[in-house]
There are 2 protein chains.
Amino acid sequence: MASTIKDVARLAGVGVGTASRVISGKGPVAPETAARVQQAIQTLGFRPSSIARALSRKSLDMLGVYVPQYQGLFHGAVLETIGRELRDVDRHMVTASGGACGDARLQALDGIDFLRQRECDGLLLMSHALHDDDLRQLHAQMPQIAVLNRIVPGLESVCFSSDHALGGRLAAQCLLEAGHREVAIISGPHHAPDNEARLHGFLDTLGAAGVRVPSEHIITGDFTPASGRAAAEALLARCGPAPLPFSALFCANDPMAIAAISVLAAAGLRVPEDLSVIGYDDCEFAAHVWPALTTVRIDIGAVATQATRDLINRCYGRDRPVIRDVAPELVRRQSVRRVDAA
Amino acid sequence: MASTIKDVARLAGVGVGTASRVISGKGPVAPETAARVQQAIQTLGFRPSSIARALSRKSLDMLGVYVPQYQGLFHGAVLETIGRELRDVDRHMVTASGGACGDARLQALDGIDFLRQRECDGLLLMSHALHDDDLRQLHAQMPQIAVLNRIVPGLESVCFSSDHALGGRLAAQCLLEAGHREVAIISGPHHAPDNEARLHGFLDTLGAAGVRVPSEHIITGDFTPASGRAAAEALLARCGPAPLPFSALFCANDPMAIAAISVLAAAGLRVPEDLSVIGYDDCEFAAHVWPALTTVRIDIGAVATQATRDLINRCYGRDRPVIRDVAPELVRRQSVRRVDAA
DNA sequence: TTGAAAGCGCTAACAA
DNA sequence: TTGTTAGCGCTTTCAA
């Protein structure tokens with residue numbers, strides 16, 4: 001049996017109050033008494049029970065984080081960052097992902113419920129499966145939340161996201177500047193707000209320049225490489241082999257772009273010589289594939305940092321600096337080239 | 001203020017003991033009484049405090065998981081699997097990663113300490129930075145641990161890993177069969193036991209066939225794509241441009257292999273025409289890059305599953321089936337070709 | 001089948 | 001600067 005604060009107090013010959021004071025470091029204690037208590041702690045190998053402490057202080061000093069999954073380049077970066085920010089203020093996180101049931105929205109609801117049961121001081125939420133209303137409802141019951149990677153109308157003050165519409169515009173401009181006027185798209189899931197925003201930005205900018213994307217040139221994926229591969233295959237099947245009726249392909253994230261490039265290559269199409277490809281996110285692999293991927297960088301880590309700090313400020317009365325704008329940025333590498341240079 | 005079990009009991013007109021019984025579902029309660037309590041729970045929106053419950057039951061019903069980081073394809077898969085296994089038995093996990101200080105070993109020690117403070121019922125550990133002795137020491141203090149992806153001498157019964165020596169042998173055989181006799185290696189960190197095991201297996205098999213790998217053909221990376229790129233560049237710089245003094249390259253994981261292929265391609269070298277490349281792990285991207293990567297599949301998810309089940313059995317007196325062997329497997333795709341066919 | 005009461009290990013108010 | 005004590009919200013005997 002692990003020893004308790006009582007054992008420590010007894011061994012040190014002090015009251016539990018005193019022992020508690022030296023353990024937590026708050027409250028006046030005579031240096032010499034403190035030393036005696038420390039000694040007792042040492043010899044007993046005492047570790048305070050965080051549960052008991054939490055019960056009495058009514059806080060576990062922890063924030064809950066929901067992500068749909070742990071896999072993938074995107075969510076890992078988020079968790080990494082949140083963990084670091086919390087460590088800086090001596091707090092920590094508990095995570096939930098997925099859930100018992102099949103439906104993504106239900107899973108998210110489930111995960112959030114789990115987190116609330118764990119009595120977190122606040123919640124960081126990342127999910128494109130939740131409805132805006134789900135989030136509004138949750139916020140009404142529990143205002144200490146921060147929403148990542150989407151902007152929920154009415155909840156702007158707790159939402160943190162890069163401007164994905166701008167990201168989409170950046171991608172479109174890049175293609176337009178390179179002279180592309182026939183483009184295809186591998187989209188993310190259509191219920192994902194961030195995907196929709198970047199798609200709108202992309203399409204709007206193209207439209208303003210007079211270029212339309214026929215709907216048969218738009219295929220929907222789910223952000224995984226496997227879906228990118230399937231989408232590219234579908235595109236090829238639909239549009240016949242060379243010559244392709246488009247000169248550029250926009251993919252809603254880098255993993256899908258990488259997979260798409262591999263099916264293009266397998267079909268004998270060279271990127272960017274035969275076809276330009278632009279990705280989105282600037283994931284860890286983007287710079288390390290061939291050809292290096294031109295993409296729109298979304299610094300999701302920075303977004304997570306800002307969200308975490310804001311939530312820390314609200315939950316723990318801190319005043320960490322928070323920047324609300326994390327702008328997307330075009331990263332020119334090798335997968336897009338001028339159409340007339342082809 | 002959230003309502004407590006007392007409120008529920010009062011509203012339902014029963015004692016807290018009774019309320020507790022219906023909440024936990026254990027112990028005899030008259031159906032009609034139970035209904036009344038349920039009603040009270042509903043109207044109060046009562047949620048039991050998991051902290052208080054834990055304090056009294058002396059278990060949070062949770063396992064701790066340490067991973068060096070959340071990023072990367074490998075660790076995500078591990079967390080995903082562990083989470084699922086735990087959910088199956090109505091338990092959950094708390095994770096820790098990295099730590100405050102720079103040194104990976106200290107970080108791991110730190111993270112483990114954090115987990116122990118959180119009063120987990122058991123620990124799942126993944127770290128190649130820890131010394132065997134660290135783990136043995138920990139096990140002496142806390143036997144409810146499971147070690148992932150390495151075998152610690154003396155701790156075999158709590159260690160779960162694919163046979164990386166065999167994995168290395170598989171890679172070597174694949175190359176040998178394809179007629180390669182001059183090979184280069186991009187290794188993982190030399191303190192990583194799994195890396196060492198696969199390297200030994202690889203080198204031994206090669207050696208048995210009479211092929212030696214000169215030390216200047218071995219470059220060390222750290223498993224990241226960026227390090228794979230740097231390693232490949234170093235290899236190229238060291239061995240001059242074409243013709244390369246080796247016909248095959250073994251990379252200690254797929255992300256490094258993918259990055260290496262991209263620098264080879266940038267240097268005008270074609271894989272597999274000019275050079276065969278074999279990876280390791282079979283990460284999510286391996287099948288979706290060009291050329292599709294021939295690699296040794298390590299089903300780390302399966303390893304994590306087995307470890308988790310074993311730990312569940314030990315911590316919660318369950319009897320879930322545990323398979324100890326998760327064999328590595330060669331996955332032939334396109335990045336290796338016969339040398340004489342080149 | 002129920003209620004009362006004694007903890008679980010800690011914090012914090014209060015008295016000394 | 002200390003020790004004592006009353007909670008924190010729940011589970012679990014033990015009687016009734």
Side-chain angles (χ1 to χ4, degrees), chain A residues 1-41 44-62 90-92 116-121 316, chain B residues 1-41 44-62 90-92 116-121 316:
Chain A
M1 197 53 206
S3 50
T4 76
I5 199 172
K6 266 187 177 167
D7 303 318
V8 171
R10 190 173 337 113
L11 183 57
V14 302
V16 290
T18 304
S20 172
R21 269 166 232 132
V22 357
I23 289 160
S24 66
K26 13 197 83 198
V29 183
E32 189 241 320
T33 316
R36 225 155 6 111
V37 175
Q38 291 293 4
Q39 184 53 249
I41 290 174
L44 289 174
F46 168 79
R47 285 167 169 274
S49 157
S50 61
I51 301 178
R53 148 190 289 254
L55 181 58
S56 134
R57 297 215 340 198
K58 303 164 117 22
S59 166
L60 279 164
D61 281 337
M62 104 189 158
D90 215 47
R91 302 297 202 287
H92 54 269
R116 296 185 67 187
Q117 249 151 275
R118 303 292 318 151
E119 286 147 290
C120 302
D121 300 320
Y316 303 119
Chain B
M1 197 53 206
S3 49
T4 76
I5 199 174
K6 266 186 177 167
D7 303 318
V8 171
R10 192 175 333 115
L11 183 57
V14 301
V16 291
T18 305
S20 172
R21 269 167 234 131
V22 357
I23 289 161
S24 67
K26 14 197 79 188
V29 183
E32 190 242 320
T33 316
R36 231 163 353 119
V37 175
Q38 290 294 4
Q39 184 54 251
I41 290 174
L44 288 174
F46 168 79
R47 284 167 169 274
S49 156
S50 61
I51 301 178
R53 148 190 290 253
L55 180 58
S56 131
R57 297 213 340 194
K58 304 163 117 21
S59 165
L60 280 164
D61 280 339
M62 105 190 157
D90 215 47
R91 301 296 200 289
H92 54 269
R116 297 185 66 187
Q117 250 152 278
R118 302 292 318 151
E119 286 148 289
C120 303
D121 300 320
Y316 304 118

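For clarity, every value in this text was computed on a predicted model and none was experimentally measured. We name chains A, B, ... by the order of the sequence lines, and we start the count at 1 in each one.
Rounded to whole Å, the distance from CG on B/Asp7 to C1' on D/dG9 is 10 Å. Rounded to a whole Å, the CG atom of B/Leu55 is 17 Å from the P atom of C/dA6. Counting to the nearest Å, the P atom of D/dG7 and the CD1 atom of A/Ile51 are 23 Å from each other. Distance CG (B/Leu60) to C1' (D/dT11): 14 Å, rounded to an integer number of Å. Rounded to whole angstrom, the span from the CD1 atom of A/Ile41 across to the C1' atom of C/dC10 amounts to 13 Å. Between A/Arg118 atom CZ and D/dC10 atom C1' the separation is 14 Å, expressed in whole Å. Between A/Lys26 atom NZ and C/dA13 atom P the separation is 12 Å, expressed in whole Å. Note: CG (A/Asp61) to P (D/dC8) measures 20 Å, nearest angstrom.
Comparing atom distances between the A/Val14 side chain and each of C/dT2, C/dC10, D/dG3 picks out D/dG3 as nearest. Closest to the side chain of B/Thr4, from the set D/dC10, C/dT11, C/dC10, is D/dC10. Among the nucleotides C/dT2, D/dC10, D/dC8, the one closest to any side-chain atom of B/Thr33 is C/dT2. Side chain of B/Ala52, nearest nucleotide from C/dA12, D/dG9, C/dC10: D/dG9. The listed nucleotides are C/dT2, C/dC10, D/dT2; the one nearest the side chain of A/Arg21 is D/dT2. Closest to the A/Ser56 side chain, of the nucleotides D/dC10, C/dG9, D/dT11, is C/dG9.
Contact annotation for A/Val16: base contact, defined as any heavy-atom pair under 4.0 Å involving a base atom.
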Query raised in the report: Are A/Arg118 and B/Met62 close enough, and set up right, to give a side chain to side chain contact (heavy atoms under 4.5 Å, CB included), and what steps lead you there?
Result: CA-CA 11 Å; A/Arg118 303 292 318 151; B/Met62 105 190 157; 4.1 Å; yes
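The only option from B/Val14, B/Val22, B/Ile41 that meets the side-chain contact (heavy atoms from CB on, under 4.5 Å) definition with B/Val8 turns out to be B/Ile41.
For A/Arg53, a side-chain nitrogen or oxygen approaches OP1 or OP2 of C/dT11 to under 4.0 Å. Considering only side-chain N and O atoms, A/Thr18 lies under 4.0 angstrom from the phosphate OP1 or OP2 of D/dG3. For B/Lys58 and D/dT11, the shortest distance from a side-chain N or O to OP1 or OP2 is not below 4.0 Å. At C/dC10, none of the side-chain N or O atoms of A/Ser20 fall inside 4.0 Å of OP1 or OP2 (strictly under the cut-off).
The heavy-atom pair separating A/Phe46 from A/Ile5 by the smallest distance is CE1-N, 3.4 Å. Heavy atoms only, all atoms of each residue included: B/Ala34 and B/Val29 are closest at N-CG1, 3.8 Å. A/Val37 and A/Ala19 make their closest contact through CG1-CA, 4.2 Å (heavy atoms, listed as atom of the first residue, atom of the second, distance).
Axis deviation across the helix from C/dT1-D/dA16 to C/dA16-D/dT1 amounts to 40°, comparing end segments of five pairs, rounded to 10 degrees.
For the pair A/Glu119 (side chain) and A/Leu60 (backbone), a donor-acceptor distance under 3.5 Å is absent. Judged by distance alone, with hydrogens and angles left aside, the side-chain atoms of B/Asp61 form no donor-acceptor pair with the main-chain N or O of B/Arg91 at under 3.5 Å.
Residues passing the side-chain hydrogen bond (donor to acceptor under 3.5 Å, both in side chains) test with A/Arg53: none are found, sequence neighbours excluded.
Mapping B/Pro28 and B/Gly17 onto DNA chain C by nearest heavy atom places B/Pro28 at the nucleotide closer to the 5' end.
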